[in-house]
Amino acid sequence: MTVKARIFVTYKESVFDPQGQAITDAVQSLGHPEVEKINVGKFFDVQLDPATKSVAQTVSEISEQLLVNFNLETYRYELLEEQQ
Amino acid sequence: MTVKARIFVTYKESVFDPQGQAITDAVQSLGHPEVEKINVGKFFDVQLDPATKSVAQTVSEISEQLLVNFNLETYRYELLEEQQ
Amino acid sequence: MKIAIIVFPGSNCDVDLFEALHSVCGATAQYVSYQEKSLAGFDAVMIPGGFSYGDYLRCGAIARFSNIMPEVVRFAAAGKPVLGICNGFQILTEAGLLPGALKRNNGLKFICKTTALTVENNETPFTNQYQAKEKIYLPIAHADGSYYAQKDVLAQLEAKHQVVFRYADENPNGSLNDIAGIINETGNVLGMMPHPERAVEALLGNVDGLRVFTALLAGNGYQKEAIR
Amino acid sequence: MTVELEMSPQEIKEKKPYLEWGLSEKEYDYIAQKLLGRLPNYTETGLFAVMWSEHCSYKKSKAVLREFPNKNARVLQGPGEGAGIIDIGDGQGIVFKAESHNHPSAVEPYAGAATGVGGIIRDIFSMGARPIALLDSLHFGEIKDSRTKYLINEVVAGIGGYGNCMGIPTVGGEMTFDECYADNPLVNAMCVGIIEQSEMQKGQAKGVGNAVMYVGAKTGRDGIHGATFASTDFSDEKETQRSAVQVGDPFMEKLLLEACLLLTSKHQDWLVGIQDMGAAGLVSSSCEMASKAGSGMTLDLDNVPQREDGMSAYEIMLSESQERMLLCVRAGFEKQVQELFHNFGLDAVVIGRVTEEKNYLLRHRGEIVTDIPVTSLTDDVLEESSREKKPARMLAQSRKPAWHPGKLVVAATLRKMLQQPTIASKKSFTETYDSQVRTNTVVGPGSDAAVIRIRQTNKAIAITTDGNGRLVYLDPFVGGKIAVLEAATNLVASGATPLAITDCLNFGDPNDPEVYWELHQAVKGMAAACRQLDTPVISGNVSLYNESNGTAIYPTPMVGMVGLLTDVHQYLTPTVKQVGSQLFLVGETGNDFAGTEIQKMLTGQLSGSLNDFSLTTTVQRLAKLLQANQAGLLESAHDLSEGGLAVALVEMTLHSQLGLSLAVPFAGEQLFSETPGRFVVSVAPQKVAAFKQLLGTDAVLLGEVTAKRELALKYQDGTAVLDLEEAKKLWEEAIPCLMKSKD
Ligand SMILES: Nc1ncnc2c1ncn2[C@@H]1O[C@H](COP(=O)(O)OP(=O)(O)O)[C@@H](O)[C@H]1O
Ligand SMILES: [Mg+2]
């Protein structure tokens with residue numbers, strides 16, 4: 001069986017995100033005063049077989065080992081629906 | 001009022017994503033045979049005021065103008081719950 | 001002194017480092033593949049700049065899982081000198097040998113230019129041939145060189161004089177406290193974004209980086225502090 | 001992905017899908033009747049269409065390209081291989097080539113520019129050479145709308161993104177701005193490599209039974225029909241129908257580079273031939289390798305590493321996925337080659353064999369999908385003769401009186417001119433290129449030419465790219481001469497002896513007789529200059545159909561020239577060095593205002609005819625200057641190009657703290673004349689006598705270097721003073737300011 005988990009990685013609140021800032025500025029200058037702020041993050045869609053290890057465990061292991069730099073970033077994850 | 005929309009941007013299926021490949025390889029070689037594949041995407045959390053323009057309209061406008069490169073990428077969006 | 005230059009897939013300043021050590025300083029340097037499992041026989045380790053693993057995910061994130069890295073960690077723990085330049089610095093932070101992280105430049109672009117630096121700590125094995133607070137010029141060439149660490153970590157770095165190089169006239173990338181290079185607490189692991197190996201020959205217009213290497217090669221007795 | 005149902009040969013004949021792929025009815029009939037004696041199937045028709053496209057076959061430009069000189073005693077490899085090679089002594093060669101990626105960059109600027117760089121790098125290491133430098137030649141619309149700014153930012157980022165990651169320094173180039181390039185920007189890249197002559201490779205597949213091996217990235221549906229796409233002009237309608245964009249992976253290419261160089265330098269006994277998969281991917285690389293060696297070849301397409309499911313033979317053969325190479329490996333060494341590549345984490349797979357029969361045989365899913373003579377794809381192309389006609393605009397121009405700027409307020413004009421994007425500092429772009437990696441860059445971006453030291457020797461090479469569409473537009477023949485001459489003057493001003501050139505011929509639709517005439521005349525002019533300079537054309541590239549919605553760009557041949565310094569320490573830069581040095585103008589100044597920066601700035605358009613000039617006299621002047629430099633008489637040198645003497649003088653002071661006090665023997669406006677083949681040099685006081693004696697009347701003393709940070713000018717009808725710190729600021733800030741401004 002295969003399930004899909006989506007891991008969201010974002011900068012911690014206290015970390016300045018120059019890209020988010022640049023995109024917010026650009027969007028506003030393109031004529032979107034209705035946009036107040038844009039934050040940028042990345043996500044990882046992990047396709048995995050939960051037979052031997054729980055999804056939660058795989059996700060926390062790979063996030064801690066590789067996907068997330070805890071100096072800067074935090075993460076959350078969710079399971080994706082099959083039809084996705 | 002302020003609402004939050006999350007725009008997900010991913011490569012189109014046929015586009016080669018070297019980064020996803022490299023991360024998949026790395027995770028597997030770290031001892032995660034249960035992981036079959038990792039795809040990478042980015043997301044934008046857009047904080048906006050829907051008083052003058054609908055969320056759907058703002059999202060489609062800024063995606064087309066700036067956030068998404070339609071040669072390579074596609075997007076979807078969802079509204080985020082308030083407490084998020 | 002025999003120096004190991006670690007080569008990862010995607011390293012590209014390895015040759016420059018080798019030439020600086022070998023052709024310019026006359027030192028014994030040897031390339032060591034990321035696949036190796038031993039650093040036996042080496043007296044110093046240098047991790048060159050470049051784009052290990054294409055800088056995919058985060059700069060240096062994937063490289064730190066190579067075979068050689070546990071050995072580099074052991075080498076550092078033994079108090080022997082380790083120098084990481086540019087991508088090498090990023091790898092050292094990802095590996096936890098140095099605190100903090102290197103983020104995308106505030107201007108979001110790759111920058112290649114000469115920057116002014118102040119030597120903040122001239123009591124390290126790499127900088128003891130510079131004057132205290134000496135102003136020098138070294139090239140940078142990176143897209144992700146903005147140093148970040150949490151407040152308490154920064155305070156500690158400052159308190160313990162672990163900031164070795166600071167950008168002087170202008171901060172090119174948004175580094176906190178204008179940090180361009182830091183050393184670990186024990187004083188044997190240096191990470192720096194500027195490229196001293198690009199500034200060792202008058203023909204190329206700059207020799208301000210030379211003393212990083214000559215200091216290490218001369219080994220002016222500063223290691224004793226490093227070995228607790 | 002849906003598998004398209006392929007048309008039968010009969011359906012192809014009736015429905016003529018090949019017309020859309022760029023094959024004409026005449027060509028189709030010739031293939032069916034004369035070459036095959038039967039109707040080609042779907043895959044075969046696709047192969048012919050792509051191989052017979054202008055991009056692969058040069059069927060329209062071949063006749064013209066024959067006019068280029070391409071041999072002399074130094075040429076080790078002329079046009080025909082991945083790149084040309086020139087002898088620099090000590091058993092070493094310099095390998096170089098330039099390539100255009102205009103159309104892909106217009107569609108997807110980051111990936112287009114990046115894969116352009118990736119492609120030209122593969123051309124260099126496919127010869128067995130280590131790439132040591134990259135240059136670019138970029139032409140965009142005026143920096144005013146957000147689309148142009150986006151194109152500029154993305155193209156520059158794509159070039160830097162690829163080269164920086166590869167660890168190949170981008171050391172120079174050129175960048176101009178003109179409305180004609182707004183929808184069709186020109187993105188040309190040049191790569192230079194160094195080779196041990198004993199390690200030179202060829203793209204050939206010979207020796208019956210030898211293996212054809214595929215190495216590098218997997219094949220996807222990227223850029224299918226990219227090559228034929230490049231051969232038909234854009235219209236907005238087509239822009240929406242384009243096929244998958246090719247994305248580059250410089251990390252993969254870095255691994256491929258190191259693996260291939262290990263193979264070519266250490267294991268020559270395993271290797272018969274090597275070629276990169278560029279335009280038209282697997283088909284063009286494989287059939288060219290076979291045809292060059294007079295061999296036949298069979299390929300088993302099921303063995304081709306694939307990234308996507310259900311790819312047809314047509315798609316596999318035509319895919320332009322990046323970072324792939326094709327090898328011909330001596331039978332029995334396949335395992336060793338495989339292992340070598342595996343050590344770099346790369347795929348290496350036997351996909352076919354060299355055969356005795358001279359046919360090109362492809363198998364896919366148990367069927368023979370192609371069986372045609374190898375040479376039918378490469379050698380039997382119907383060369384097309386084209387009609388030529390002198391453009392009507394030229395005839396009209398020649399009847400008008402020449403444009404003259406009239407009396408000018410020199411200082412104000414100069415200040416304004418320093419802010420013209422074509423003249424202003426490009427530092428905000430070149431700073432995003434790693435120009436120093438490999439630590440051989442003696443002179444990087446911002447001088448007349450880049451100077452790269454050759455390690456383990458006392459030598460250096462100098463490299464430049466130049467092109468000036470405006471001049472070629474006004475007079476293709478004289479403009480073509482000037483394009484080559486300007487490259488040569490840039491090298492001489494850097495202290496180097498010009499050796500050879502590569503080129504990219506960026507033109508419009510060759511079916512337009514006026515465009516074809518421009519192409520032909522420009523090549524004639526370039527060839528004449530190359531002959532006089534003894535700088536053969538050892539490689540190059542043609543990019544036609546540079547039009548959008550029916551309007552062509554200026555005809556813009558780009559010249560990439562390489563020169564040699566036998567002693568690296570003799571390199572020169574424009575920057576003046578010390579107070580008291582004497583400044584000389586070398587070469588006569590005329591009223592050359594047609595197509596100049598001053599004309600464009602003051603009138604907003606180009607008009608007039610170019611004055612022809614003597615190549616013999618000019619080339620003699622270059623030789624004398626080289627002689628003066630070799631005798632150690634020059635302190636700095638700068639050739640005059642856009643903006644004429646006025647701009648050149650300012651440029652010589654920009655990176656110093658010094659000033660100039662000069663008197664020029666002509667009228668104020670002539671400070672902006674762009675008479676080709678001129679230089680300004682500075683000479684230390686104690687060398688002046690020797691310099692004067694060598695140069696004779698060719699050099700005119702203008703004045704001297706001062707400690708005051710100003711340019712003080714006397715001219716026949718007035719005086720001018722320019723604050724150089726202010727001038728520098730204007731020059732530096734012009735482009736960043738334009739790039740930031742809101743539309
Ligand atoms: N796109 C570019 N890439 C790299 N270097 C560039 C680029 N554009 C301009 N330069 C550098 O800026 C300098 C001036 O360019 P240019 O005005 O074309 O010089 P010239 O007129 O002497 O040929 C050259 O050193 C060139 O290398
Ligand atoms: Mg010049």
Point to revise | Contact winner vs chain B - A/Gly41, A/Ala5, A/Pro50, A/Gly31, heavy-atom pairs under 4.5 Å | key: A/Gly41
Point to revise | By ring-ring contact (aromatic ring centres under 6.0 Å, His included) - contacts of A/Phe44 (at least two apart) | key: none
**Study point:** pair A/Phe8-B/Arg6: side-chain heavy atoms closer than 4.5 Å
**Key:** yes
Study note, to complete from the structure: Output for pair (A/Lys42 NZ, B/Gln19 CD), nearest 0.5 Å, gives 7.0 Å
Point to revise | Point-to-point distance, once rounded to the nearest 0.5 Å, from CD1 of A/Ile38 to CD of B/Gln47 | key: 10.0 Å
Side chains of residues 62-70 of chain A: which donor-acceptor pairs under 3.5 Å do they make with residues two or more places apart or in other chains?
from    : atom 1 : to      : atom 2 : distance (Å)
A/Ser63 : OG     : A/Val59 : O      : 2.7
A/Gln65 : OE1    : B/His32 : NE2    : 2.9
A/Asn69 : OD1    : A/Asn71 : N      : 2.9
A/Asn69 : OD1    : A/Asn71 : ND2    : 3.2
A/Asn69 : ND2    : C/Glu94 : OE2    : 3.1

Check your understanding: Of the backbone (N, CA, C, O) and the side chain (C-beta and beyond), which part of B/Lys53 lies under 4.5 Å from a heavy atom of chain A, both, or neither?
Key -> side chain
Check your understanding: Under a 4.5 Å heavy-atom cutoff, which of A/Leu48, A/Val27, A/Asn39, A/Thr24 has the most pairs with chain B?
Key -> A/Asn39
Practice item. Using a cut-off of under 4.5 Å on heavy-atom pairs, state which of A/Ile23, A/Thr52, A/Thr10, A/Thr58 scores highest against chain B. Key: A/Thr58
Check your understanding: Once you round to the nearest 0.5 Å, how far does CD of A/Glu61 lie from CD of B/Glu34?
Key -> 7.0 Å
Review point. If you take all heavy atoms of B/Met1 and A/Glu36, which pair is closest and at what distance?
Key: O-OE2, 4.5 Å
